[in-house]
There are 2 protein chains.
Amino acid sequence: MTELFSPKELLRCADCPIRKRAVCAYCEPAELADLDAIKSYKTFAAGETMVWSGDVVSHFSSIVSGVATLSQTLDDGRRQMVGLLLPSDFIGRPGRGQITFDVEAKTEVTVCRFECRPFEVLLGKIPHLRERLLDMTMDDLDAAREWMLVLGRKTAREKIASFLAIVARRVLSVEGAMPERDLEFDVMLTREAMADYLGLTLETVSRQMNALKKDGVIVLEKKRAIKVPVFSRLVAETGDDTGFSF
Amino acid sequence: MTELFSPKELLRCADCPIRKRAVCAYCEPAELADLDAIKSYKTFAAGETMVWSGDVVSHFSSIVSGVATLSQTLDDGRRQMVGLLLPSDFIGRPGRGQITFDVEAKTEVTVCRFECRPFEVLLGKIPHLRERLLDMTMDDLDAAREWMLVLGRKTAREKIASFLAIVARRVLSVEGAMPERDLEFDVMLTREAMADYLGLTLETVSRQMNALKKDGVIVLEKKRAIKVPVFSRLVAETGDDTGFSF
DNA sequence: CGTGAGTTTGAGTGCGCTCAAGCTTAGTGG
DNA sequence: CCACTAAGCTTGAGCGCACTCAAACTCACG
């Protein structure tokens, strides 16, 4: 997840780590060539704001490596994260030049990007591209709706447990199967970013993380490094057994 | 909005009240004929559950008239509404047979519906259809993300004001321009449904509605019938001036 | 070591929840 | 036409979870 990619190594789409999940996933080799012709890579430093809300964007991007967030801010400083962007996630909205959210790199982030106009032309030309974009947008919508349940109806403790379960599933599903026991992964966010994700304060996040630790649901080894001895134990703390469709 | 449609009157798509906003909006007359061939109408009574979470659905639907909601329920009864469905909104997810939310008719609801398989075939055949579905899904995603800010970061009073502003914009935009003064519209939901929408209890909704009334921001004439003397006054109570993109 | 970002912990407060009546309104049948 | 009913709405009292404010601690990095 956190290993760094040198853009040079990525010139060939066939070797791309997100080839099977990104917006280009459904494309045939011939169609890929069209995309290849207009793509370029760019890397952002951790902490850098990739796009400001209201900006007219010049490119659509796919995250190749790293973690970014989508968030909104109220005039008085209250913030709410509305999207967690992991490798293969798409940034931008074809058919609309503006973006209405801030996009921030939380780790070093490398994106594969396309100028808007040429990409929109390809969208019209390659059905596979539009098809994949539709599926990804629907997945994002489902995720947003699950998240609304978390924000609207769960307690602080349940929110933290839900967040950890979501991240565990997303991070670990990238690298294959998900074991039931002794999961280890990294929440790549600060306590403050987690608070923005969950509609809490950073103090409450800290308290609940330590409460889950004290109760043996999780093991905290280096603040961000999480170990989950028994995954179903964590899921039981989320308040719903239905799980998430991430 | 609440006038009743007789399905017989709707047989011709050209006369359809949602012709310009529904999933078929981008279709040419010839393409419309294909859809027309597989469509049928169905009406649900107010209060009826149109689809249960987990159901395998046989049809995709467009709301022609009435109001429906999309919601999730936790095992212990906590509920969160995750979508408010007004005329022209689409129900169902092509490419996936199941639905993971409850769909409930809040008023009498008439839908124009298509069997899944034939509709999916047309999706492959008519680019305009896929294009419109993508745009609608992206609009839904934007709406869900605005809503997440409301759920995660706003006070009860701000939530109510945001809700009223959203409904005013959606309801009134259907019938043309939106005046700044003396808006009148109907929140078609009970206090309980509003609470499910906003992540509040029905008591808190009631208290805050009456607080806004006492402060002259809104006029309550028949519990559900809202009058807004000065719209910007209401928007000022939402906590953000940016407004909503509904 | 010194610095600063990130995190933890404590004490006190208040917003929205819970529980409990009572009220309003529309619909139904005598 | 009115009593009866039930669903929806309002109002009050009290409580508790998560917030606010404040201070101390941890740890990576110069």
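Chain letters run A, B, ... following the sequence lines, proteins first, then strands; residues in each count from 1. Below, each value reflects all heavy atoms present in this structure, side chains not excepted, and no hydrogens, waters or symmetry copies.
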### Query
Under 3.5 Å, is there an N or O donor on one side and an acceptor on the other linking the side chain of B/Glu203 and the base of C/dC19?
yes
### Task
Measure distances between side-chain N and O atoms of B/Arg207 and base N and O atoms of C/dT18, and say whether any donor-acceptor pair falls under 3.5 Å.
yes
### Query
Does A/Thr201 have a side-chain nitrogen or oxygen under 4.0 Å from the phosphate oxygens OP1 or OP2 of D/dA18?
no
Protein-nucleotide distance ([X], atom [atom1]; [N], atom [atom2]), rounded to Å:
| X | N | atom1 | atom2 | answer |
| --- | --- | --- | --- | --- |
| A/Glu158 | D/dC17 | CD | C1' | 12 Å |
| A/Asn210 | D/dC25 | CG | C1' | 13 Å |
| B/Lys213 | D/dT11 | NZ | P | 8 Å |
| A/Arg78 | D/dC19 | CZ | P | 12 Å |
| A/Glu192 | D/dC19 | CD | P | 13 Å |
| A/Lys159 | D/dC17 | NZ | C1' | 11 Å |
| A/Glu221 | D/dC27 | CD | C1' | 17 Å |
| A/Ile160 | D/dC17 | CD1 | P | 16 Å |

### Task
Give the ring-plane orientation class for A/Tyr197 versus A/Phe163, where under 30° counts as parallel, over 60° as perpendicular and anything between as tilted.
perpendicular
### Query
Toward the 5' end of DNA chain D, which comes first, A/Lys222 or A/Thr204, by nearest nucleotide?
A/Thr204
With a non-hydrogen cut-off below 4.0 angstrom, is [X] in contact with a base, only sugar-phosphate, or nothing?
| X | result |
| --- | --- |
| B/Gly47 | nothing |
| B/Ser206 | base |
| B/Arg157 | nothing |
| B/Leu200 | sugar-phosphate |

### Task
Could you pick out which residue, B/Thr155 or A/Val205, lies toward the 5' side of DNA chain C when each is mapped onto its nearest nucleotide?
A/Val205
### Query
Looking just at side-chain N and O atoms, do B/Arg191 and B/Ser206 make a donor-acceptor pair shorter than 3.5 Å?
no
### Query
Distance only, no hydrogens: is a donor on one side chain within 3.5 Å (strictly under) of an acceptor on the other, for B/Lys42 and B/Thr110?
no
### Message
Between B/Asp139 and A/Arg93 (salt bridge meaning N to carboxylate O under 4.0 Å), is one present in this structure?
### Response
yes
### Query
With B/Glu237, which of B/Lys159, B/Lys154, B/Arg157 fulfils salt bridge (Lys or Arg N to Asp or Glu O under 4.0 Å)?
B/Arg157
